[in-house]
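Take a look at the structure set out below.
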Amino acid sequence: MRENQASVSPEKGAEPAPFGRLRRRAEFQRVARGSRWQSEAFTLQAAKRGDEAAQGPRIGFTVTRKTGGAVERNRIRRRLKEAVRIAEKLDAKPDHDYVLIARRGALSRPFDLLRADLNRAFAAIHSRSPRALRDRDR
RNA sequence: CCAGUCGGCCGGACGGCCGCCGCGCCUCGCGCGGAGGAAAGUCCGGGCUCCACGGAAAUACGGCGCCGGAUAACGUCCGGCGGGGGCGACCCCAGGGAUAGCGCCACAGAAAGCAAACCGCCGGCCUUUGGUCGGCAAGGGUGAAAGGGUGCGGCAAGAGCGCACCGCGCGGGCGGCGACGUUCCGCGGCACGGCAAGCCCCGCCGGGAGCAAAACCGAAUAGGAGCGACGAGGAGGCUCGCCUCCGCGCCUAUUUCCGGGCGUCGUCGCUCGGGUUGGUUGCUCGAGGCGUCCAGCAAUGGGCGUCCCAGAGGAAUGGCCGUCACGCGCGCCGCUUCGGCGGCGCGCCCUACAGAACCCGGCUUACAGGCCGACUGGCCCC
């Protein structure tokens, strides 16, 4: 519990992940063509932003109706948002956009495991090739 | 104390650290506010916005349907009436019209709406284990329903055929604003069976689409697609391009009438989608919440005081932790009227149903657990 308490309040010097938010449908659709990485609780998608200069990473959340009712969807999105917020060092690149697509496991997965999943996902995502490239290779 | 009926309410509390959305300011930062009783289903009724429209009548379509009241309105609510259920508190009811007309009444049964007669009962005749002719509708049987019920008289056998009581119908009186009631009076031997969640008749109500409504800014008067049209003008004023009068055409279900608006004094006019789901407004002070008094059986209305109480937009109201309350499970101890009750410790769920999306009034549906009040029927004690 002490360790937990300590990790909840970030260190003064620790860099708070300065994520922007994705809000346009077109932005979501562009990221969907990028790389993806799956886990029990979510799918992470990532794509490099082409047009503008790097202004830090941006992230968006997708929780579809398949996942549950309005109450459960809200809960899932808030847990994912919070997990991203407290994450100390995610391997997010400033010129990339990310999208988290929630799966049903995100509702009940222990919060510590959820954070661990996130760290693993961001570490692995950039070694994957973009979806569009793989499709072209086929 | 047990069983039950009805109504109302709550639906975790407090604190710490780190965040999110909105507003304010002394713009580092601080302060304040931040989901529900159903926010849900989108089933009704309104406000608001646009289609320029407003009023009257008729037709078509749809909805509603005992009476009175409440309300902005309703299919809602309140108080009654009638019918049904319950020992009772109380609960349930698509509850207008069946002599305006049409239609239907499955199966069974002889017969399903107008009287008829299968088994029977009674009488006559005959070729007498029966047949035939006539009378009857009480008994049997079928059915959701078979032309009032019980008893006595009567008769060949019977039958409201006659009588008594009960019931029913009609008229009047009385009570009630009314639905309706009636222990009142009179008449009628007594049908006019049911279904209008079948058509229909009567009365009342209703234009359509919806905040992705709609308005403004910007991109911008650049190109595309579709549709319509060769038609009715005349007179006057005159700042020479408009205005006025008459006519013609159009105006959101259709037709007619009245008012109003727009178009037409000629060659273009109208509509649509994409770039465009960009930004701002609409967007929260409202049939508002709370308290109190008055009127009313009540729904509700009115007066006074007080408060400002979410405004997001890929959509804020969260994450973690501590303490407590509640619930569940296990163990131990004590009490016990053997149903349980109380205390301590540990563990679990850290709460059920469920998340505002323009705003109100209702309905319906979902809901762990708990609290309060009124009343009914039993048992025990005084």
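Note on naming: letters A, B, ... go to the chains in the order of the sequence lines (proteins, then strands), and numbering restarts at 1 for each one. Not measured: the values here are computed from a predicted model. For the numbers below, each heavy atom of this structure counts, side chains included, while hydrogens, waters and symmetry mates do not.
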Classified by glycosidic angle (syn within 90° of 0, else anti), C344(B) comes out anti
When the P atoms of G79(B) and C297(B) are considered, how many whole Å apart are they?
13 Å
Scan Phe111(A) against the nucleic acid and name what it touches under 4.0 Å (heavy atoms): base, sugar-phosphate only, or nothing.
sugar-phosphate
Separation of Arg115(A) atom CZ from G19(B) atom C1', in whole Å?
14 Å
Which residues share a side-chain contact (heavy atoms from CB on, under 4.5 Å) with Arg73(A), sequence neighbours left out:
Val63(A), Arg65(A), Ala70(A)
Looking only at heavy atoms, the pair that brings Ala124(A) and Trp37(A) closest together is CB-NE1, 3.4 Å
On a whole-Å scale, what distance lies between the P atoms belonging to G34(B) and A312(B)?
16 Å
Between Val99(A) and Arg79(A), which is nearer to the 5' end of RNA chain B once each is assigned its nearest nucleotide?
Val99(A)
C375(B) and G362(B): how far apart are their C1' atoms, nearest whole angstrom?
29 Å
How far, in whole Å, is C272(B) from A214(B) if one measures between their P atoms?
11 Å
As a test of the definition: with a 90° window around 0 for syn, would you call G275(B) syn or anti?
anti
Complementary nucleotide of A100(B), counting Watson-Crick and G-U pairs under 3.5 Å
none
Whole-Å gap separating P (U317(B)) and CZ (Arg75(A)):
10 Å
Tell me the closest heavy-atom pair linking Ala83(A) and Arg115(A), and the distance in Å.
CB-CG, 4.3 Å
Looking at Thr43(A) and Arg36(A), what are the two nearest heavy atoms and their distance?
CG2-CB, 4.3 Å
Using atom CD of Glu72(A) as one end and atom P of U351(B) as the other, report the distance to the nearest whole Å.
15 Å
Taking atom C1' in both C51(B) and A60(B), what distance in whole Å separates the two?
23 Å
Under a 3.5 Å limit for both distances, which nucleotide forms a Watson-Crick or G-U wobble pair with U59(B), could you say?
A253(B)
Identify whether the glycosidic angle of A106(B) places it syn (within 90° of 0) or anti.
anti
Tell me the partner of U239(B), counting only Watson-Crick (N1-N3 plus N6-O4 or O6-N4) or G-U wobble (N1-O2 and O6-N3) with both under 3.5 Å; none if nothing fits.
none
Tell me which nucleotide, if any, is Watson-Crick or G-U wobble paired with C350(B) when both distances must be under 3.5 Å.
none
Derivation of the side-chain contact (heavy atoms from CB on, under 4.5 Å) call for Gln38(A) and Arg103(A)
CA-CA 10 Å; Gln38(A) 291 212 8; Arg103(A) 311 181 67 183; 3.3 Å; yes
Which whole number of Å gives the distance between the P atom of U182(B) and that of A157(B)?
43 Å
From CG of Asp112(A) over to C1' of G319(B), roughly how many Å is that when rounded to an integer?
11 Å
CG of Leu107(A) versus P of A354(B): gap in Å, rounded?
14 Å
Tell me if G339(B) is syn or anti. Syn = glycosidic torsion within 90° of 0, anti otherwise.
syn
Side chain of Arg78(A), base of C20(B): donor and acceptor closer than 3.5 Å?
no
Shortest non-hydrogen contact from Ala47(A) toward Gly34(A):
CB-CA, 4.2 Å
Rounded to whole angstrom, note down the P distance from C10(B) over to G83(B).
41 Å
Report yes if a side-chain nitrogen or oxygen of Arg77(A) is closer than 4.0 Å to either non-bridging phosphate oxygen (OP1 or OP2) of A316(B); otherwise report no.
yes
Between A316(B) atom C1' and Arg73(A) atom CZ, what is the distance in whole Å?
16 Å
Name the closest nucleotide to the Glu82(A) side chain, picking from C320(B), G318(B), G314(B).
G318(B)
Sort out the partner of A164(B) for me: Watson-Crick or G-U wobble, both distances under 3.5 Å, none otherwise.
U150(B)
Partner nucleotide, any strand, of U71(B) [Watson-Crick/G-U, under 3.5 Å]:
none
Paired with C341(B) by Watson-Crick or G-U wobble geometry, both distances under 3.5 Å: which nucleotide is it?
G334(B)
In whole angstrom, give the distance that lies between atom NZ of Lys81(A) and atom P of A312(B).
15 Å
Could you tell me which nucleotide pairs with G37(B) by Watson-Crick or G-U wobble geometry, both distances under 3.5 Å, or answer none if nothing does?
none
C1' gap between G109(B) and A145(B), integer Å:
13 Å
Rounded to whole Å, CG of Asn74(A) lies from C1' of G314(B) at a distance of 12 Å
Looking at Glu72(A) and Arg75(A), does any basic side-chain N land under 4.0 Å from a carboxylate oxygen?
no
